[in-house]
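Right, one structure below, let's go through it.
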Amino acid sequence: MSAPGIVFQRLNGRQAAAHADELQALHAEVYADPPYGLAADPARFAERFRVQCRQPGFVLAEARHGGYLVGYAAGMPLRPSTSWWRELTTPLPADVTAEHPGRTFALTELLVRASWRRQGIGAALHDLILAGRPEERATAVVWPAAGAAQSAFRTWGWRKVARTREAGPGTSLSDVLVTTLSRAGRS
């Protein structure tokens with residue numbers, strides 16, 4: 001799809017769970033770098049990932065070079081009872097935040113190792129995970145200071161609809177992005 005020698009594959013929750021340690025290590029590596037500068041919390045990642053992998057419709061797209069994990073994207077459909085829209089800094093109309101089965105796919109992760117960036121791997125992962133999705137739209141959160149990610153998402157057709165803050169003291173703001181998914185992927 002992009003860089004020579006890269007193999008892309010989609011995994012379901014059970015398949016992805018078998019790679020949890022490797023995914024956690026890449027997550028910790030990417031989020032330790034600027035602009036994030038976050039210390040790894042393996043227990044928090046493990047718990048969140050375990051829950052996500054069990055969600056109906058969870059999917060993970062991975063990129064490997066010679067078996068070495070160079071990037072991944074993960075996500076799942078939002079449920080009607082989702083907390084996704086609860087921590088917005090300003091309210092949005094109910095027609096934006098109301099969920100029903102088949103409305104929104106949440107892209108929860110899109111990570112590429114620093115040495116593998118700018119080779120089209122992120123775009124290929126983005127396209128692979130969203131290809132054929134039956135939902136009407138997709139949503140993601142991106143730190144405002146993550147300039148490369150912000151630029152990429154704009155190039156891919158995403159638009160900012162709000163800002164959100166994780167619950168808890170000292171948490172960072174993130175932009176909530178949305179894009180319409182292709183009708184060709186829906187039945």
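Quick caveat: nothing in here was measured; it's all calculated off a predicted structure. The basis for the numbers below is simple: all heavy atoms, side chains too, and nothing from hydrogens, waters or symmetry mates.
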Any side-chain donor near an acceptor of the partner, Trp84 and Thr139, under 3.5 Å: yes

Derivation and outcome, side-chain contact (heavy atoms from CB on, under 4.5 Å), residues Val59 and Leu11: CA-CA 6 Å; Val59 64; Leu11 307 174; over 6 Å; no

Sub-4.5 Å side-chain heavy-atom contact between Thr164 and Thr89: no

Whether Phe45 and His27 hold their rings parallel, tilted or perpendicular, with breakpoints at 30° and 60°: tilted

Tyr72 side, atom OH; Glu22 side, atom CD - distance, nearest 0.5 Å: 10.5 Å

Co-membership, hydrophobic cluster, residues Val141 and Leu173, 4.5 Å side-chain: no

Distance in Å, Asp21 CG paired with Leu26 CG, rounded so as to fall on 0.5 Å steps: 13.0 Å

Beyond-backbone contact of Arg79 with Pro56, side-chain heavy atoms, under 4.5 angstrom: yes

Side-chain heavy atoms of Arg117 within contact of Ile121, under 4.5 Å: no

Plane angle bin for Phe153 and Trp156 - parallel if under 30°, tilted between 30 and 60°, otherwise perpendicular: perpendicular

Closest approach of Ala61 to Leu128 (non-hydrogen atoms, all atoms of both residues): CB-CD2, 3.8 Å

Nearest atoms (heavy-atom pairs only) where Leu107 meets Trp158: CD2-CZ2, 4.2 Å

Positive for salt bridge (Lys or Arg N to Asp or Glu O under 4.0 Å) with Asp175, one of Arg159, Lys160, Arg154: Lys160

Salt bridge (Lys or Arg N to Asp or Glu O under 4.0 Å) between Glu135 and Arg137, intermediate numbers included: CA-CA 6 Å; Glu135 293 83 11; Arg137 65 184 184 175; over 6 Å; no

Exercise: identify the closest heavy-atom pair between Ala74 and Leu60: CB-CD1, 4.0 Å

Distance in Å, Phe49 CZ paired with Gln24 CD, rounded so as to fall on 0.5 Å steps: 10.5 Å

Heavy-atom side-chain proximity of Gln150 to Trp143 below 4.5 angstrom: no

Closest approach of Ile6 to His65 (non-hydrogen atoms, all atoms of both residues): CD1-CB, 3.8 Å

Donor-acceptor under 3.5 Å (Thr179 side chain, Gly157 main chain): yes

Leu181 with Leu110, same ILVMFWY side-chain cluster at under 4.5 Å: yes

Residues Thr104 and Glu99: side-chain donor-acceptor under 3.5 angstrom: yes

Beyond-backbone contact of Pro77 with Pro101, side-chain heavy atoms, under 4.5 angstrom: no

Electrostatic pair Arg163:Glu87 at N-O distance under 4.0 angstrom: no

Value rounded to 0.5 Å, distance of CZ in Arg54 from CZ in Phe58: 12.5 Å

Shared hydrophobic cluster, Ile129 / Val112 (ILVMFWY, side-chain heavy atoms < 4.5 Å): yes

Side-chain cluster (under 4.5 Å, hydrophobic types only) that Val7 belongs to, other residues: none

Heavy-atom closest contact (Leu23 atom, Ala16 atom, distance): CD1-O, 3.7 Å

Leu88-Leu78 co-clustered via ILVMFWY side chain contacts under 4.5 Å: yes

Joint cluster assignment, Trp116 & Leu125, ILVMFWY side-chain distance < 4.5 Å: yes

Any Leu177 side-chain heavy atom under 4.5 Å of Val142 side chain: yes

Exercise: do Arg10 and Gln15 side chains pair donor with acceptor under 3.5 Å: no

By salt bridge (Lys or Arg N to Asp or Glu O under 4.0 Å) - contacts of Arg103 (at least two apart): Glu136

